[in-house]
Amino acid sequence: MHIDRIDGRILAALQLDNRLTSDQLSEIAHLSPTAVQRRLKRLRAGRVIVGDVSIVSPKAVGRPITTLVSVTLERECAQIIDRFKRSIRTTPEIMTGYYVTGETDFVLVITSKSMDDYEDFTRRFFLENPDIKCFKTMVIMDRVKSGFAIPIEVDELEDA
């Protein structure tokens with residue numbers, strides 16, 4: 001899908017605040033609100049915009065422990081990888097999951113109510129899974145930055 005400078009301005013603005021109105025976006029994009037809505041519809045249909053979310057503080061909702069966990073599978077085969085991907089998608093404690101290259105197979109971001117809660121999770125999710133060779137946990141001490149914003153170089157995009 002072709003993304004021009006106007007789309008780039010809209011996307012950059014929405015990544016900072018997805019609650020901007022069509023009127024506010026029209027000022028940023030130098031278009032009418034109706035034209036902005038058409039572009040948003042096209043960007044969503046083209047899966048350039050894949051979701052609109054609010055970033056919630058885990059501490060505020062009773063999940064103050066965040067861990068970064070690397071997971072190595074027993075062996076790499078399509079069935080095991082696909083099965084593990086499905087389990088990641090259906091496990092609410094896992095905020096983010098990445099299938100990666102290197103010494104580990106997956107990297108997960110997990111939230112917990114307490115260290116006891118995390119231990120229970122590890123027993124259930126990792127230790128009882130015969131497809132997992134090992135996992136290593138790093139406890140997050142401070143969330144310095146959180147978001148999904150992707151840098152958009154508007155100057156490098158073509159004019160509409």
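Keep in mind it's a predicted model, so treat the numbers as computed, not measured.
Between atom OG of residue Ser57 and atom CZ of residue Arg143 there is a gap of 5.5 Å, rounded to the nearest 0.5 Å. To the nearest 0.5 Å, atom CG of residue Leu31 and atom CZ of residue Arg9 are 8.0 Å apart. To the nearest 0.5 angstrom, Asp105 atom CG is 6.5 Å from Ile81 atom CD1. From Thr67, atom OG1 reaches atom CE of Met95 across 10.0 Å, with rounding to the nearest 0.5 Å. Distance OG1/Thr72 to NZ/Lys133: 7.0 Å, rounded to 0.5 Å. Atoms OG and CG, on Ser112 and Asp120 in that order, are 9.5 Å from each other to the nearest 0.5 Å.
Checked for salt-bridge contact, Asp4 and Arg39 meet the test: a charged N lies under 4.0 Å from a carboxylate O. The pair Asp52-Arg44 meets the salt-bridge criterion, with a side-chain N (NZ, NE, NH1 or NH2) lying under 4.0 Å from an Asp/Glu carboxylate O. Residues Glu128 and Arg124 are not paired through a salt bridge, judged by the lack of any N-O separation under 4.0 Å between the basic side chain and the carboxylate. Using a 4.0 Å cut-off between charged nitrogen and carboxylate oxygen, Asp7 and Arg42 count as a salt-bridge pair.
Hydrophobic clustering (side-chain heavy atoms under 4.5 Å, transitive across Ile, Leu, Val, Met, Phe, Trp, Tyr) groups Ile110 together with Ile88. Hydrophobic cluster membership is shared by Ile28 and Val48, with clusters built from Ile, Leu, Val, Met, Phe, Trp and Tyr side chains linked at under 4.5 angstrom. Both Leu127 and Leu73 belong to a common hydrophobic cluster when Ile, Leu, Val, Met, Phe, Trp and Tyr are linked at side-chain heavy-atom distances under 4.5 angstrom. Tracing side-chain contacts under 4.5 Å through hydrophobic residues (I, L, V, M, F, W, Y), one never reaches Val139 starting from Val107; they form parts of separate clusters. Tracing side-chain contacts under 4.5 Å through hydrophobic residues (I, L, V, M, F, W, Y), one never reaches Met115 starting from Met138; they form parts of separate clusters.
Here the closest heavy-atom approach between residue Ile152 and residue Ala12 is recorded as CD1-N, 3.8 Å. Residues Val71 and Thr104 share a closest heavy-atom pair of O-OG1, 2.8 Å. Summarising the geometry of Ile3 relative to Gly8, their closest heavy-atom pair is CG2-N, 4.1 Å, with the distance given to 0.1 Å. Gly147 approaches Ile55 most closely through the heavy-atom pair CA-CD1, 3.5 Å. The nearest pair of heavy atoms linking Phe148 to Gln15 is O-OE1, 3.6 Å. Closest of all the heavy-atom pairs between Thr66 and Val109 is CG2-CG1, 3.8 Å.
Looking only at distances, a side-chain donor or acceptor of Ser32 sits under 3.5 Å from a matching main-chain atom of Ala35. A donor-acceptor pair under 3.5 Å is absent between the side-chain atoms of Arg63 and the main chain of Pro58, judged by distance alone. At least one donor-acceptor pair closer than 3.5 Å links the side chain of Gln24 to the backbone N or O of Thr21.
Of the N and O atoms on the side chains of Thr137 and Tyr118, at least one donor lies less than 3.5 Å from an acceptor on the other residue.
The environment of Met1 atom CE is dense: over 12 non-hydrogen atoms of other residues, nucleotides or ligands sit within 6.0 angstrom. No more than 12 heavy atoms of other residues, nucleotides or ligands shown are found within 6.0 angstrom of CD1 on Ile150.
Evaluation of the ring-ring contact (aromatic ring centres under 6.0 Å, His included) test over residues 51-85, restricted to residues two or more places apart or in two chains, returns Phe84-Phe106, Phe84-Phe125.
A heavy-atom distance below 4.5 Å is not found between the side chains of Asp23 and Val36. Contact annotation: the side chain of Tyr98 never approaches that of Leu108 to less than 4.5 Å [non-hydrogen atoms, C-beta and beyond]. Within the 4.5 Å cutoff, side-chain heavy atoms of Ile80 are placed close to those of Arg75. Between Gln37 and Thr34 the shortest side-chain heavy-atom distance does not fall below 4.5 Å. Counting heavy atoms from C-beta outward, Leu68 and Ile140 have side chains that approach closer than 4.5 Å.
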Inset, instruction - Check the pair Arg86 / Thr90 against side chain to side chain contact (heavy atoms under 4.5 Å, CB included), numbers first and verdict last. - result: CA-CA 6 Å; Arg86 279 192 302 276; Thr90 60; 5.6 Å; no
Inset, instruction - Assess whether side chain to side chain contact (heavy atoms under 4.5 Å, CB included) is satisfied between Leu25 and Leu14, documenting all intermediate values. - result: CA-CA 8 Å; Leu25 287 169; Leu14 281 177; 3.9 Å; yes
